[in-house]
Every structure is written in C-alpha cells, then in structure tokens.
Protein chains: 2
Amino acid sequence: MKTPNHSQANILKVLEQTKKPLSAQEIWAEIQKQGQKIGVATVYRNLESLKIKGLIQIRTVHNQAIYSLVSEKQNFATCLQCGERTPLGISLAQSVEAPTLQSQAFEVYYHTLEVFGLCSPCQERSP
Amino acid sequence: MKTPNHSQANILKVLEQTKKPLSAQEIWAEIQKQGQKIGVATVYRNLESLKIKGLIQIRTVHNQAIYSLVSEKQNFATCLQCGERTPLGISLAQSVEAPTLQSQAFEVYYHTLEVFGLCSPCQERSP
DNA sequence: TAATATCTGATAATGATTATCATTCTTTAA
DNA sequence: TTAAAGAATGATAATCATTATCAGATATTA
Ligand SMILES: [Mn+2]
Ligand SMILES: [Mn+2]
Ligand SMILES: [Zn+2]
Ligand SMILES: [Zn+2]
C-alpha cells in the first residue's frame, strides 16, 4: 500500500478534526482555511486514492459524495429522503429488526449488509 | 402510499425484466425502445418517488445513480474500485467475516449494516 | 362541465466531478 | 552529485448526470 502523501495527510487530518462527514468541496475549503495551498483536483484525486486504500468511506447524498473516515461505527439508519444517517449503536445480531421496534420513530423499508474492499481483478489492477 | 402511476409502472417493469441494476438514462432509453413515449425528467421524478416509497434501491457507481428493485438479496460484496457488487448469498450471522475466509478472492476493507427508510420528520414531510 | 390539482415533456441551467496540460516535486541511475 | 525519468500538483476547461423551469396535457373534484 502506497504511503500517504502530504495531500492525503491533510485530508485525513481534516476528517479527523471535523468529526462529521464532508464533501470534497468542503474538505478543499477547510484545508485552504488552514493555510495550506491545494488545488481542488488534488483533493479529488487523493480522496479516490484514500478510498481505494480503504482509509475513507463514501456515500452519496443528493448527488454529492460525502467522505468520512472508516470508523468503528458501522451500523446506521439512513433516511431515503433527507439522507440523514444516524448510528444505531447496537450489535450486529439485533441490528436489523431493532429500529422497527423502537417506537416507530424510524420507518424501516429495507436493510443492507455490505462488505467493501477490492475484488480479485482490482487487487492486481491497483499496485 | 400513493399508488404507482403509469410512468412508475413502466420503470418497475423495466427493472424487473432487465434483472440487473440500471442508470436513469438506461431506464429512459429502455422505456423508449419499448415504444413508450416518456421524457427524461419524468424518469428522474418517478425514480425519486419510487425511492421514497421504498420500492427501489439506489447506489452510486462512478458518479452515476444505479437503480434496482428492492430484492431479497441484501448481502453484498462491493469493490471500491470497479464498483462490481456480488451477492454473498449467506446468512446474516456469518456474512461479515465470511469473505475474508473465502480464499482471499475478495480483499475486505470494512463492512456496513445499513437500514433504509424514513426518519420521523420525513415521514410527516412526505404524505 | 368547469375549476383545481397533478403530471408530463422539451429544454435550459446547474454544479459536482473529470480531463487536460504545463509545471513542480520526487525518485532513480549513472 | 547530477541528469533523466516518473509521479504529483494546480489552474482551468470540459463533461454530463441531474435539476429547474414552465407551458401544456391529464386527472381529480365539486
Ligand atoms: Mn458491524
Ligand atoms: Mn439480510
Ligand atoms: Zn429524513
Ligand atoms: Zn473491482
């Protein structure tokens, strides 16, 4: 795995500091605000690299990619309308049905258990 | 839940027939190919409606939304590079670690268990 | 039937992401 | 150490999936 360069370190730092998921544009603005000079293309390029390395996670809300560190929290309830995503904070076993039980505050439509990584061809393809 | 109109029925039919996930543009082209006249805006609008109703599922690959019916299959391994997504076809309990055991064909980075639906505010917001 | 609300399609506008390319930084090999 | 080769960067233009607009069509209601 290629070692993180300076740009990638800056991106990771911003994600650590801010805590909450950020768009590429927001990350770009934040790095600049911190006095670093960086181009928007570089942000996109390194976000892609960090993604392939499995260091950051991406989801799309309203046609905008939202980036965050790969964290411990991996159980979420995501609203299909507003995109809000709240950690469930419960164990895997009880995760699926729990929200339906919780006072109907969240109306469950379906769930997904997804494993992310690299398929065999892509492992060779990305040195 | 509002009853599916004609456009929505056409979209669902295409997704059923084609089996595989399709982009909005592909769905649009397919409906036209089947002789139906429809505007691209209508396709997008009704895809959004079907999403809010929980009838279809969306994921984003290379900055393009890919739509599919909400199916039984809900356990997947997704490649971060090419976006290929293969059903795991295993039970929830063993899902998470199984891929790591399977001959390293797929290199696991992380996983997500996600429940989709409507949050409380959005339930009222969408009549 | 007429008034009203909803849906549709053609088209323009948007904007996040990607491509381009000259320049700068880094690594490699003489 | 130095020069060539390679990789990363930044400014900017281009792309294109998606959204907004709005006039006309269609459905619903009274
Ligand atoms: Mn988990
Ligand atoms: Mn399941
Ligand atoms: Zn919501
Ligand atoms: Zn792959």
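Below, all heavy atoms of this structure are taken into account, side chains as well, without hydrogens, waters or symmetry copies. Chain letters run A, B, ... following the sequence lines, proteins first and then strands; every chain starts at 1.
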Spacing of B:His6 atom NE2 relative to C:dG9 atom C1', expressed in whole Å: 16 Å
Distance, rounded to the nearest Å, where A:Ile31 contributes CD1 and D:dT9 contributes C1': 13 Å
What is the separation between atom CD on B:Gln64 and atom C1' on D:dT18, rounded to the nearest whole Å? 10 Å
Let me know the distance between CD1 of A:Ile58 and C1' of C:dT17, rounded to the nearest Å. 12 Å
Does B:Val43 or A:Glu48 map to a spot on DNA chain C nearer the 5' end, using the closest nucleotide for each? B:Val43
Look at all strands and tell whether B:Ser23 reaches a base, only sugar-phosphate, or nothing, counting heavy atoms closer than 4.0 Å. nothing
Before giving the answer on side chain to side chain contact (heavy atoms under 4.5 Å, CB included), spell out for B:Val70 and A:Tyr109 the whole-Å C-alpha distance, their side-chain angles and the decisive distance to 0.1 Å. CA-CA 9 Å; B:Val70 172; A:Tyr109 283 172; over 6 Å; no
is_close_aromatic(B:Tyr110, A:Phe116), centroid dist under 6.0 Å: yes
Just compare C:dT17, D:dA17, C:dA19 and give me whichever is closest to any side-chain atom of A:Ala24. C:dT17
What is the separation between atom CD on B:Gln36 and atom C1' on C:dG9, rounded to the nearest whole Å? 15 Å
Nucleotide of C:dT17, C:dA10, D:dT18 approaching B:Ala41 most closely (side-chain heavy atoms): C:dA10
Could you tell me whether the phosphate oxygens of D:dT19, OP1 or OP2, come under 4.0 Å of any side-chain nitrogen or oxygen in A:Asn63? yes
Measuring to OP1 and OP2 of C:dA10, would you say a side-chain N or O of B:Lys37 lies under 4.0 angstrom away? yes
Taking the side chain of A:Gln25 as heavy atoms from C-beta outward, which of D:dT18, D:dT12, C:dA16 is closest to it? C:dA16
Check whether any side-chain heavy atom of A:Gln64 lies under 4.5 Å from a side-chain heavy atom of A:Thr60, and answer yes or no. no
Ignoring backbone atoms, test whether B:Tyr44 places a side-chain nitrogen or oxygen under 4.0 Å from the OP1 or OP2 oxygen of D:dT19. no
Any side-chain N or O of A:Ser7 less than 4.0 Å from the OP1 or OP2 oxygen of D:dT9? yes
Distance below 4.0 Å between A:Asn46 side-chain N/O and D:dA8 OP1 or OP2: no
Return the value, rounded to whole Å, for the distance between atom CD of A:Gln32 and atom C1' of D:dT9. 14 Å
Whole-Å distance between D:dT19 P and B:Trp28 CH2? 15 Å
Carboxylate-amine/guanidinium contact A:Glu48 A:Lys51, below 4.0 Å: yes
Check: B:Leu55 and B:Gln8 side chains under 4.5 Å, non-hydrogen atoms: no
On the nucleotide D:dT9, are OP1 or OP2 found under 4.0 Å from the side-chain N or O atoms that A:Asn5 carries? yes
Nucleotide C:dA16, atom C1' - distance to CG of A:Leu47 in whole Å: 13 Å
Taking only N and O in the side chain of A:Thr42, is any of them less than 4.0 Å away from OP1 or OP2 of D:dA8? no
